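Note sheet for the following structure.
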Amino acid sequence: MQIYNTMTRKKEELVPLVPGQISMYVCGPTVYNFFHIGNARPFVVFDTFRRYLEYQGYKVHFIQNFTDIDDKLIRRAKEENTTVPELAERYIKEYYTDADALGVERATNNPRATEHIPQIIALVQTLIDKGHAYPTGDGDVYFSVRSFEDYGKLSGQAIEDLESGARIEPGEKKRDPLDFALWKGAKPGEPAWETPWGMGRPGWHIECSAMSMELLGPTFDIHAGGQDLVFPHHENEIAQSEAATGKPFARYWMHNGYINVNNQKMSKSLGNFLLVRDISKEFDLEAVRLFLLSAQYRNPVNFSRELVEQSAAGLARIRTARQRLKEAAVAPAPTEADAEFIRDISTHRAAFNAAMDDDLNTADAIGCLFDYARAVNTFVSEPRGKEALDKAAELFDSMTGVLGILQHEEATEFPKEALALLAERIEARKAKNWAKADEIRDALTAMGFAVEDSKDGAKLKKL
RNA sequence: GGCACCAUAGCCAAGCGGUAAGGCAGAGGUCUGCAAAACCUUCAUCCCCGGUUCGAUUCCGGGUGGUGCCUCCA
């Protein structure tokens, strides 16, 4: 499989450190609020990546952290008159609600920063001991950027170019404007932990280094996140980690593109972000997932209601095809057509795999799914042998399983009144009372159900 | 200013040297009492100008237009 490595800026063959296993770390949410659609993209994209690796037989050690201590949490907790741990606990719970609805599988591990304080302190201490970091005396500890020769290798920035943008905030005691905080001295009323250099709390960048190294070791396969984390977050992680261990940190870096709203980046400062929780009130989040996967992950996507509706229509098509396959009439004996279809199945599978192998080209892979759905729809228009139907279903479920769609059983329960009306309509149709049949269909439509007639009866479908 | 990215039909979106996947929407048809679903047919020479090549949407150069990072952010 080829993946695009941000570090080398080209597609590379994915060769894991340990054959058959992949260790990967994805930057997770800061849990001070519900997450927004921009946060959702890496969750969905890298979940899909993980699903594909597992489908290909890899054992994947998939880590996604929760940042549960930082300025935003402290501020928000104060606003809501609660504590930081309570706030974090609440939004971690809410994270799972939305992530589950998006079809995001649980990570192997969801480490929290506050549960790795000893490891963070030890890492900071190592950096101080090695001369890569310095305490200021009032609780802060900074990383000395100029002490790490390779600084800028991920983002392709020369140190001199970065310098112009950097500055020292009032009250900071940095030796160099480029230096960044590993540890922040405690202010009154804030959560704080005891350290050799005073009471305080971890900086953002160091958390990810400490947790990834703790759970995956000094060198691991893949580190992933949004494009906006390339600089400074991931650049800083590399500097800290490699300065501390003397070993290479992540071997491959993957970064997803942004979600735009009205062709503009969604961001905290612009205040134009859309919460997944709010979107879920209007749309099936599986449609949102399909929408997020409808473009290759490195390209930007523009979010709009209309586009999600397009994805919802496409998702319905996939669902219908799967349903038809499930309800397909079984022929008593296999035929030549069955044998031919079984041969076609491997062609479809190969096309799907090839798309996914090419840097997770989900747009192409979804195209393969639609191609396959059409083939299935045609195939099941007549009774077919059981073996062919089973094999068809197996591939179908593989594809939708990798993409993480059709994971929730469609609600098949209909209210009694609707079912009674449907029965009444079947009688009316038998009696060729078309006027009454149409009247009942209209009534059902008004209740929110579509009627689909077929040779052997009629079905209800939620609108 | 430095570093990147993008430009394909009404809307999305693959392809990236041999004359354009797929979906949504639209049109026509098959099926149906009528519908729906499904199936069939139909719907683009790929921003502009040069160059390389037998051949370029695909490579190179130059434009034009848009976006991002360099500051918290997925």
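Numbered from 1 within each chain, the chains take letters A, B, ... in sequence-line order. Atoms considered below: every heavy atom in the structure, side chains included; atoms not considered: hydrogens, waters and symmetry mates. In this text the structure is predicted, and so the values were computed from the model without any measurement.
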*Find which nucleotide of RNA chain B each of Pro42(A) and Arg425(A) is nearest to by heavy atoms, and output the residue with the more 5' nucleotide.*
Arg425(A)
*Between Val451(A) and Gly367(A), just flag the one whose closest nucleotide in RNA chain B comes earlier from the 5' side.*
Gly367(A)
List for me each residue that meets side chain to side chain contact (heavy atoms under 4.5 Å, CB included) alongside [X], sequence neighbours excluded, and say none if there are none.
X	answer
Arg9(A)	Tyr4(A)
Ser381(A)	none
Asn433(A)	Ala428(A), Ala435(A), Lys436(A)

*Applying salt bridge (charged side-chain N to carboxylate O under 4.0 Å, His left out), name anything that partners Asp442(A), two or more places apart in sequence or on another chain.*
none
_Any residue meeting side-chain hydrogen bond (donor to acceptor under 3.5 Å, both in side chains) with Asp68(A), in chain and number order, not counting sequence neighbours_ = Thr114(A)
Please classify the nucleic acid contact of [X] as base, sugar-phosphate, or nothing, using heavy-atom distances under 4.0 Å.
X	answer
Asp228(A)	base
Arg322(A)	nothing
Arg9(A)	sugar-phosphate
Asn433(A)	nothing

Compare the minimum distances between each of [options] and the side chain of [X], then state the nucleotide with the smallest one.
X	options	value
Tyr258(A)	rG15(B), rC12(B), rC69(B)	rC69(B)
Arg317(A)	rG33(B), rG23(B), rC69(B)	rG23(B)
Arg324(A)	rC34(B), rA38(B), rC73(B)	rA38(B)

*asked:* Applying the Watson-Crick and G-U wobble criteria at under 3.5 Å, what pairs with rC5(B)? Answer none if nothing qualifies.
replied: rG66(B)
_My understanding is that a pair needs two contacts under 3.5 Å, Watson-Crick or G-U wobble. By that rule, which nucleotide pairs with rC72(B)?_
none
*How far does the P atom of rC47(B) sit from the matching atom of rC34(B), given to the nearest Å?*
46 Å
*Kindly confirm whether the side-chain ring of Trp434(A) is stacked on the base of rG33(B), judged by centres under 5.5 Å and planes under 30°.*
yes
*For RNA chain B, what residues of residues 68-78 of chain A have any heavy atom nearer than 4.0 Å?*
Lys72(A)
